[in-house]
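Okay, structure first, notes after.
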Amino acid sequence: MTQFSEFTDLCIQIESIPGSLEMTDVFAEFLKNIDDDELAVSCYMVMGEIFPAWTGKKLGLGPNLLFSALSKAAGISLDQIKALLRETGDIGETTYRALCADKKSQSTFSSFFDTEDGGDGSCSAGGRLSIREVYDRLKEIADASGKGAQSQKIKSLQYLFSESSPIESKYISRIALEELRIGIGEGIVRDSIAKAFDVPVAQVEFAFMVTNDLGEVAAASKKGGVDALSHQHIQVNRPVKMMLAQVTNSIEGAFAELNEAAIEWKFDGARLQIHKNGNDISLFTRRLENVTNSMPDVVKAVLEAVTAENAVLDGEAVAIDESGKPRPFQDILRRFRRKYDVENTSRDIPISVKLFDLLYVDGVSYIEKPLIERRKKLSEIIKPGANGISVDDLEITNDPEVAAEIYRQAIAAGHEGIMIKNPNSPYSPGKRGKNWLKKKPVMDTLDLVVIGGEWGSGKRKNKIGSYVLACYDNVKNVYLEIGRVGTGLSDELLDALTEQFSELIEVENGVTLKIKPEVVFEIAFEEIQKSPNYPAGYALRFPRLISVREDKTIEEIDTLEKIERMYQGQKE
Ligand code: AMP
C-alpha cells in the first residue's frame, strides 16, 4: 500500500523538472513500485483526473465548496481564505498556508503570513492516508448527488484535509478543483507506462486509442505485457476519442501533399459518435458526454437505418430549417442539453445525422483500415433513404478545381466549408493530424474594448489570464460585454498586457478585475451567436486575439448595430 505522501513527493519532484524525458523516468519508476490496484488511480490523478477519459466525467466541484471545507478544516474565515487566494493566486498554495496557519496555532493569522512557509516544520509531517483512500474519497465526492450532497462533499473534503498534512492537502485541493497541472499529460503517462513495464510505446498508444483508458492500459501492461496490449479492442458503449482536423489555408496547398484526396462537405453541426449494440444505442458528443436520452429521434433513426448488429459510427448531427439551411450551432446544443420535454424539442429542432466514418462493425475493428475501406463498409451497413440519417457524399479527386467547386456548393448550402481527407489514412482517435484537413472561409474579426479581466492561476499566476470584451452601443452610449478571450495568448504577450493593464485596473474583487475601457483588441471568431449570458445579447464562438489595436480609440470600436447586422448576414 502506498501512502499519499509518496504521491505528493512525486508531484513536488515532477513540478521541479523542466523536461518531459526526465518526468517520464520519474513517473515510470513510481509506477514500477506501486501495487496493482494503485496503478490506474495514479495514472488518472497524476494528470489531475479522477475518471478515465472514456467516461467524459469530471469531478465538477465548485471552488466555494472547497473554500468552505478549507475554512472549516483550518479554522479560519472564508474572507481570510479569499484574502489568501488573492495573495497566492493558487488554490494549492492557499490550502497549504491556511492549514499551516492552523498547525501553528500559537501565532496569530496575520503574523503567520509574514513568513514564507509557515516556518516551524509542523506543516511538512506526513498524513495518514493512502493513495487509494484519497482517490476513493474524491470519487465519492464526484459521485455524490441529490439531497444533502453539498454538505456531504464538504465533510469528505474536510476529512481529507484533517487526515493529511498541509503539503498533501495542497495537492488534494488542486486535484479536487481539477487544477493539478504539474506538467504531465497523456503523452507522458503513455511513455511512462511503456518504460515501466518494458513494452513498446506504439503498443501502449494503440491500446490507449481503443480503450481510452490509460489506467486500464497500465494495468494490462503490467499484467500481460505486449500480448495483453494487443488484445485490447474497441468496446461498444465506451466512446473513443474523435479524430480531429487541421486547418488548411488553401485547397491547392492541401493537394500539394496528396496525390488524391477525399472531399466532403464540412457540415455545420455537432460531432456525434454512435454506438450500436443490438437494439441498445448510445450517442456521445465530441467531449464524450452521453446525450442518448436527449435524442430519441436519432436513436430511432439509427435503429431503422443501421443493418449491422454492432457498430461504432462517426458523424455530424445537423439541424436544418424549413429552407434546408443549417440552423445555428446553439440549436443543436439545445438538443444535446435537453433533459425534459425532449419530444417537443425534437419536433422543434429536427436533427439529421451525416455519417462520415466507421470505427467498428460486428467484432471487427476498422480504425487501422484506410478511409476508403471504412467508407465502403459504412455505405454497406446503412440503408439508403432512411429518415434522419445518411452517409455523406464523398468525392475522390486529384483535381483542386473539383474540390473548389464542392467548397462553393457547401458554402452556398450554408455549411462551413470542406474536409480534405487522405483516402489511405487510418482513423486516429484523438489526433489532429494532416490526414484530415479543413478548409473554411477566412474568419471574421471585430474590434472590441477590454473592460475587465481575471487574474490567472498556476503558470499564469500574477498575470491577467483572460480579458472581458465589450462592443459599443452607440445608441445608449455604453459598453456592453460580449465575451471573453483567454486562450492562445503567449507568455510574453500576457506579460506585456498585464503590465499595460495594471495601470487601468479600477476594481479588484478576488481574481476579477474591472478595467477602465481604453485598450482595443482585434478579435477573430467563428460565429456570432445570440446569448442571454452577455449584456450585448450576443456571444462570439471561438474568440481569438489577433492584435492590440494601438491605432484605435474606443470610440472607433465595433458597435452593437454592426454585430446585429453581421448576425443577420450570417443567418442569410
Ligand atoms: P473544427 O470543429 O473546426 O475543429 O472542425 C472539425 C469538426 O468538423 C469535426 O469535429 C466535426 O464535428 C465537424 N465536421 C463536419 N463535417 C465533417 C466531415 N465531413 N468530416 C469530419 N468532420 C466533420
Side-chain angles (χ1 to χ4, degrees), residues 56 239-249 251 254 258 261-274 283-289 291 295 298 312-320 325-333 335-336 351-359 366-367 370-372 374-375 378-379 382 389-397 402-403 406-407 409-423 425-444 487-488 524-529 540-544 570:
V240 176
K241 286 190 188 162
M242 320 261 173
M243 182 163 174
L244 300 167
Q246 270 182 18
V247 180
T248 179
N249 291 328
I251 293 174
L258 293 166
I263 314 294
E264 296 166 354
W265 281 13
K266 183 178 189 310
F267 297 99
D268 190 6
R271 192 77 173 261
L272 203 62
Q273 192 176 97
I274 301 171
L283 308 172
F284 299 98
T285 66
R286 180 174 169 142
R287 294 171 55 187
L288 311 186
E289 287 158 320
V291 288
M295 323 272 280
V298 175
V312 178
L313 312 169
D314 194 1
E316 189 87 345
V318 190
I320 306 278
K325 297 251 179 200
R327 297 165 65 129
F329 179 69
Q330 65 262 42
D331 278 355
I332 301 172
L333 290 191
R335 283 294 316 270
F336 278 6
I351 295 271
S352 155
V353 178
K354 300 287 180 192
L355 296 170
F356 50 72
D357 222 314
L358 161 148
L359 288 74
Y366 274 73
I367 61 170
L371 173 64
I372 20 177
R374 300 199 303 274
R375 289 292 304 234
L378 181 62
S379 302
I382 306 298
I389 193 164
S390 57
V391 179
D392 78 351
D393 291 331
L394 168 140
E395 169 107 15
I396 297 200
T397 176
V402 172
I406 299 173
Y407 177 73
Q409 289 163 3
I411 299 287
H415 287 283
E416 286 188 317
I418 50 171
M419 302 292 298
I420 304 171
K421 298 180 178 175
N422 177 347
S425 60
Y427 189 98
S428 315
K431 293 279 170 312
R432 191 184 288 286
K434 286 211 159 73
N435 285 329
W436 284 16
L437 297 171
K438 54 186 175 189
K439 169 74 186 105
K440 300 197 271 188
V442 178
M443 280 191 188
D444 263 323
T487 47
F525 59 92
E526 289 204 359
E527 191 189 359
I528 297 173
Q529 305 174 326
L540 305 178
R541 190 164 166 226
F542 300 136
R544 188 158 59 81
Q570 219 176 250

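Every number for a ligand or one of its atoms is a count from 1 in the order of the listing. All heavy atoms count here, side chains included; hydrogens, waters and symmetry mates do not.
Here the side chain of Gln273 pairs no donor or acceptor atom with the backbone of Leu313 at under 3.5 angstrom.
Listed by chain and residue number, the protein contacts of ligand 1 are Glu264, Trp265, Lys266, Phe267, Arg271, Arg286, Glu316, Phe356, Asp392, Met419, Lys421, Arg432, Trp436, Lys438, Lys440 (heavy atom within 4.0 angstrom).
Counting non-hydrogen atoms of other residues, nucleotides and ligands closer than 6.0 Å to NZ of Lys241 gives a total above 12. Enclosure of atom CZ in Arg541 by more than 12 non-hydrogen atoms of other residues, nucleotides or ligands within 6.0 angstrom is indicated.
From Met242, atom CE reaches atom CG of Asp357 across 11.5 Å, with rounding to the nearest 0.5 Å.
Screening His415, Lys439, Lys438 against Lys266 for a side-chain contact (heavy atoms from CB on, under 4.5 Å) leaves a single residue, Lys438.
Shown here for Ala413 and Pro326, the closest heavy-atom pair between the two residues is O-CD, 3.3 Å.
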